[in-house]
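Numbers restart at 1 for each chain; the letters A, B, ... are given by sequence-line order, proteins then strands. These values consider heavy atoms only, across backbone and side chains, with no hydrogens, waters or symmetry-generated copies.
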Amino acid sequence: MNMDPMERYVAEAREYINARLASDYGKDARLELEIPAARADFACPCFILARKSGKTPQQIADGLAAGYAGSGLKMWAENGYLNINADPVSLAAETVTAIRTSGDDYGKTAEGREKIIVEHTSINPNGPIHIGRARNALIGDTLVRCFRHAGLNVESEYYVDDAGKQVTMLVWGVQHLEAPTTGIIKPDRKLVDYYIRASELAGKDEKCAAEIQEMQRRLDQGDPEIVRSVRMIADDVLEGIKESLSNINVRLDRYSYESDLILNGKVAGVIDKLKKLPEAKEDGGAWYIPIGGKDGEDGEDRFYFTRTDGTSLYTTRDVAYHIDKFSRADRLVDVLGEDQKLGIRFLSAALKLLETGREPDFLFYSFVTLPAGKMSTRAGSFVLLDDILEEGKRRAKEEVLKRRSDISDAEATAIASVVGLGALRYNIVRLQAEKKVVFRWEEALNFEGNSAPFVQYAHARACSILEKAGPWSAGSVAYREEAELALCKQLALFPSILRDVSRSMAVHRMAVYSHELASLFNQFYRLVSVLKAAEGVRTSRLALVDATRQVLRISLDCLGIEAPRSM
RNA sequence: GGGCGUGUGGCCUAGUCAGGAUAUGGCACUUGCCUCCUAAGCAAGUGGUCGUGGGUUCGAAUCCCACCACGCCCGCCA
């Protein structure tokens with residue numbers, strides 16, 4: 001079973017070129033094979049060799065093209081390039097067959113020997129998820145899904161910060177302030193009110209600030225009573241967060257609590273080890289490690305890992321957390337906002353000093369802002385994930401009702417739910433993570449063009465054709481039409497896309513791929529008829545529709561988006 | 001001031017890591033297409049000094065240098 005239909009063609013092209021170059025230009029002659037190329041499946045630019053050999057690039061390319069006697073590839077010389085195509089007819093048939101025999105495993109090419117932990121979301125349990133934080137969850141979840149489909153051994157993990165100042169403030173608020181009168185039941189949305197009021201009060205009331213600081217100190221020392229009450233309230237908020245995450249198809253395999261690292265002594269252990277480092281310095285009772293800035297103070301950053309009172313800081317605990325994660329995995333990936341970059345420099349430096357050679361990989365993303373500017377909890381200028389999802393489903397339902405009068409209200413709601421969520425997820429994940437995004441409703445809930453509904457619609461179309469086809473079975477398949485061959489080529493590319501996403505962690509490429517696949521299927525659909533095709537051709541086309549359906553579904557699943565049978 | 005990141009048609013964007021051919025899609029706009037497997041679609045068209053200026057190269061959106069604009073960070077916060 002050939003899981004990557006393109007593989008043997010690439011290998012044949014490489015083999016042929018290397019053999020020819022060795023015999024014609026000497027054993028050290030090398031040309032690079034571009035995959036993919038602009039005008040062909042692969043291409044060899046012949047410019048470098050031209051200088052050494054005294055021939056023109058075009059002459060070299062001509063010679064290589066003319067000498068090919070095999071049958072799997074088509075070669076031609078153009079503008080100094082040797083252009084190479086996999087034979088489209090055999091590639092098409094092989095691809096469709098490979099997909100239909102691989103099923104859900106199509107694209108799975110990795111061996112999965114090493115264990116990977118992807119940490120993502122990790123939102124402080126002091127309030128609900130807004131769209132900026134949701135970007136972390138969606139990028140992280142998409143990455144995990146792509147890893148998994150590629151065949152990697154991956155586990156997702158949420159780091160619950162129940163030992164920091166934010167939760168402490170929340171807990172203080174719950175213990176000292178009046179219950180909110182908002183009438184909201186969902187715990188994350190209800191409890192955040194305590195946090196907002198407590199943090200406001202701490203800013204102007206010294207007694208309140210002192211109490212919070214004392215609570216923080218006892219928490220850091222693992223005072224069982226404080227830890228218990230903090231954990232209880234954090235878990236309450238976390239329930240609300242989990243509900244929101246579950247609504248957008250995000251599930252984490254494991255939740256790790258920061259307070260556990262204090263209770264089991266791992267934080268204290270890290271502090272001990274850091275203090276013993278030759279680099280460590282003391283500053284009035286507080287300990288730090290100088291980072292960067294060669295000699296003297298110029299450009300030096302200080303990684304403080306204890307306060308004057310001996311308590312730990314966030315990054316100190318994060319070091320302990322990463323050492324713990326490394327004891328459970330071969331490779332770590334952290335999905336983080338770009339504001340974390342400095343802290344991560346400290347983390348990496350500390351890990352390098354303590355655990356030689358083991359550092360996590362980081363996937364940083366930029367912030368989501370509103371057209372009016374930054375999101376601010378205090379100013380009430382933020383867009384909650386729950387609200388976007390609800391609005392998305394509402395808008396999607398309007399669209400469904402515009403088009404479908406033949407279905408029940410329950411069916412329309414079900415379709416709207418899948419489409420609304422899809423639109424949301426797709427629009428967050430379709431962009432490079434480093435790009436900053438301005439949240440606009442019209443863009444976030446786009447239902448046409450470069451959007452999830454476009455891809456979902458193609459899937460529903462494929463399902464509809466297959467449903468109407470009645471019983472059929474494809475033996476051997478064959479394709480001749482341009483639209484068929486182009487579609488098959490895109491299907492053949494899927495394993496390499498999955499490989500690329502796994503390597504680069506550029507999850508937006510999966511969104512781009514799914515859109516291109518849907519687009520080619522739509523072209524095929526308009527140009528070529530399936531159900532009314534002549535017998536023989538008909539079953540081949542049904543097999544192609546089925547293979548496309550399959551890959552669309554896998555792509556959407558990588559994006560955490562459901563593939564509806566009907567829209 | 002220092003560090004990191006981003007800059008591609010009116011708007012959003014791919015391509016940048018591993019330099020290569022006529023720069024990818026989408027939105028908007030113009031024009032066709034539902035007696036035909038779902039028009040959330042298809043076909044065609046208008047629109048681009050790839051932030052600016054240098055450099056390297058046979059060849060630069062891509063690499064190097066400088067500058068400009070925007071974002072993030074520069075706490076014994078998280």
Side-chain angles (χ1 to χ4, degrees), chain A residues 32 34 37-40 43-48 50-51 57 78-81 83 124 126 161 163-167 216 258 283-288 292-293 298-299 301-302 304-315 317-318 337-343 345 364 366-367 369 374 396 399-400 402-404 406 419 423 427 430-432 434-438 440 442-443 446-458 460-469 503-504 506 508-509 511-512 515-516 518-519 522-533 541 545 566-567:
Chain A
E32 216 163 299
E34 287 179 18
R39 301 207 192 182
C44 245
C46 301
F47 304 96
I48 295 170
R51 236 184 319 176
E78 189 182 350
N79 299 340
Y81 289 82
N83 283 332
N124 278 335
N126 66 337
D161 180 5
K165 210 177 229 171
Q166 293 195 15
V167 203
Q216 175 73 45
E258 193 173 12
D283 168 22
W287 286 78
Y288 69 91
D298 210 33
D301 290 306
R302 290 179 171 188
Y304 276 93
F305 58 92
T306 76
R307 296 193 180 91
T308 311
D309 65 3
T311 56
S312 65
L313 287 118
Y314 177 82
T315 304
R317 300 188 290 270
D318 209 19
E338 61 176 341
D339 58 330
Q340 309 275 315
K341 282 186 182 175
L342 182 62
R345 258 184 65 214
F364 289 106
S366 293
F367 282 143
T369 60
K374 265 185 169 177
E399 297 296 316
V400 175
K402 256 190 247 171
R403 297 157 223 265
R404 302 291 295 270
D406 60 315
V419 168
N427 270 283
R430 61 182 249 268
L431 303 182
Q432 288 182 40
E434 312 84 57
K435 295 245 186 188
K436 53 197 168 203
V437 320
V438 178
R440 295 189 181 86
E442 319 81 67
E443 282 170 19
N446 177 27
F447 294 144
E448 50 185 24
N450 189 7
S451 72
F454 179 94
V455 184
Q456 290 173 314
Y457 191 70
R461 248 181 188 165
C463 290
S464 170
I465 293 172
L466 293 165
E467 205 168 291
K468 286 186 177 155
R503 184 190 57 79
S504 64
H508 69 279
R509 289 182 195 157
V512 170
H515 178 258
E516 282 169 358
S519 179
N522 284 336
Q523 289 166 37
F524 161 83
Y525 170 85
R526 284 293 161 200
L527 287 166
V528 175
S529 63
V530 178
L531 296 179
K532 289 175 184 165
R541 289 190 182 156
V545 171
S566 163
M567 272 174 76

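Base orientation at B:rC29 is anti, since its O4'-C1' glycosidic dihedral falls outside 90° of 0.
Pairing partner, B:rC50: none, since no Watson-Crick or wobble contact has both distances short of 3.5 Å. B:rC4 is paired with B:rG71 under the criterion used here, namely a Watson-Crick or G-U wobble arrangement in which both key atom distances are under 3.5 Å. Base pairing of B:rU35 is not made with any nucleotide, judged by Watson-Crick or G-U wobble geometry with both donor-acceptor distances under 3.5 Å. The pairing partner recorded for B:rU30 is B:rA44, the criterion being a Watson-Crick or G-U wobble arrangement whose two distances lie under 3.5 angstrom. If you check B:rU16 for Watson-Crick or wobble pairing at under 3.5 angstrom, you find it has no partner at all. Across the strands present, B:rU62 finds no partner; the criterion is a Watson-Crick or G-U wobble pair with both atom distances under 3.5 angstrom.
Per the geometry, CD belonging to A:Gln432 stands 9 Å off P belonging to B:rU13, to the nearest Å. Between A:Glu434 atom CD and B:rU16 atom C1' there is a gap of 10 Å when expressed in whole angstrom units. A straight line from CD of A:Glu78 to C1' of B:rU22 spans 11 Å, rounded to a whole angstrom. Note: CD (A:Gln523) to P (B:rA40) measures 17 Å, nearest angstrom. Rounded to an integer number of Å, the gap from A:Glu516 CD to B:rG15 C1' is 11 Å. We find that CG of A:Asn522 is positioned 15 Å from P of B:rC37, with the value rounded to whole Å. Rounded to whole Å, the distance from NZ on A:Lys468 to C1' on B:rC37 is 6 Å. Atom-to-atom, NZ of A:Lys435 to P of B:rA69 comes out at 20 Å; the value is rounded to the nearest Å.
Within 4.0 Å (heavy atoms only), A:Ala506 reaches no atom of the nucleic acid at all. Across all strands shown, A:Val455 has no heavy atoms under 4.0 Å from either base or sugar-phosphate atoms. Base contact: A:Val419 has a heavy atom under 4.0 Å from a base atom. Contacts of A:Ala43 with the nucleic acid, taken as non-hydrogen atoms under 4.0 Å apart, include base atoms. As judged by a 4.0 angstrom heavy-atom cut-off over every strand, A:Phe447 is placed among the base-contacting residues. Looking at heavy-atom distances under 4.0 Å, A:Val437 makes no contact with the nucleic acid at all. In this structure, A:Tyr525 reaches the bases: a heavy-atom distance under 4.0 Å links it to at least one base atom across the strands shown. Across all strands shown, A:Leu527 has no heavy atoms under 4.0 Å from either base or sugar-phosphate atoms. Among the protein residues, A:Asn79 comes within range of the nucleic acid bases, having at least one heavy atom under 4.0 Å from a base atom. Counting any heavy atom pair closer than 4.0 Å across all strands shown, A:Lys532 reaches sugar-phosphate atoms only and no base atom. A:Arg503 comes within 4.0 angstrom of a base, heavy atoms only.
Taken to the nearest 0.5 Å, the CZ atom of A:Arg509 stands 8.0 Å off from the CD atom of A:Gln432. From A:Phe47, atom CZ reaches atom CG of A:Asn79 across 7.5 Å, with rounding to the nearest 0.5 Å. Atom OG1 in A:Thr315 sits 12.0 Å away from atom CZ in A:Phe305 (nearest 0.5 Å). Atom NZ of A:Lys435 sits about 9.0 Å away from atom NE2 of A:His508, to the nearest 0.5 Å. Summarising the geometry, atom OG belonging to A:Ser464 is positioned 8.5 Å from atom CG belonging to A:Leu531; distances are rounded to the nearest 0.5 Å.
Contact of the A:Glu399 side chain with the A:Val419 side chain is not registered, since no non-hydrogen atoms from C-beta on lie closer than 4.5 Å. The side-chain heavy atoms of A:Asp301 and A:Arg345, taken from C-beta on, include a pair separated by under 4.5 Å. Residues A:Ile48 and A:Glu32 are not in side-chain contact: their nearest non-hydrogen atoms beyond the backbone lie 4.5 Å or more apart. When side chains are defined from C-beta on, A:Arg302 counts as touching A:Asp283, because their heavy atoms get closer than 4.5 Å.
The minimum heavy-atom distance between A:Phe454 and A:Ser519, with the atom names listed, is CE2-N, 3.5 Å. For the residue pair A:Arg430 and A:Ala511, the shortest heavy atom distance occurs at CA-CB, 3.9 Å. The two residues A:Thr308 and A:Gly284 come nearest to each other via the heavy atoms CG2-O, 3.0 Å. Nearest approach of A:Ala452 to A:Ala423, heavy atoms of both residues: CB-N, 3.7 Å.
Taking only side-chain atoms of A:Glu443, from C-beta outward, the nucleotide of B:rC11, B:rC42, B:rG15 with the closest atom is B:rC11. For A:Val400, counting side-chain heavy atoms from C-beta on, the closest listed nucleotide (B:rA21, B:rA40, B:rU16) is B:rA40.
In terms of position along RNA chain B, the nucleotide closest to A:Glu34 lies nearer the 5' end than the nucleotide closest to the other residue of the pair A:Glu34 and A:Pro453. Checking A:Phe47 against A:Ser529, the closest nucleotide of RNA chain B that is more toward the 5' end is the one next to A:Phe47.
Separating the C1' atom of B:rA28 from that of B:rG45 is a span of 14 Å, rounded to the nearest Å.
The side chain of A:Arg526 contributes an N or O atom lying less than 4.0 Å from OP1 or OP2 of B:rA39. The phosphate of B:rA40 has neither OP1 nor OP2 within less than 4.0 Å of any side-chain N or O from A:Gln456. A:Arg403 has a side-chain polar atom (N or O) that falls below the 4.0 Å cut-off from OP1 or OP2 of B:rA40. Note on A:Arg404: every side-chain N or O is 4.0 Å or more away from OP1 and OP2 of B:rA39. For B:rC77, neither phosphate oxygen OP1 nor OP2 lies less than 4.0 angstrom from any side-chain nitrogen or oxygen of A:Gln216.
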Show the distances under 3.5 angstrom between N or O atoms of the protein and N or O atoms of nucleotides 25-35 of chain B.
from   : atom 1 : to       : atom 2 : distance (Å)
B:rG26 : O2'    : A:Asn450 : N      : 3.2

Going 5' to 3' through nucleotides 71-76 of chain B, assign each nucleotide B (protein heavy atom under 4.0 Å from a base atom), S (under 4.0 Å only from sugar-phosphate atoms) or - (no protein heavy atom that close).
BSSS-B
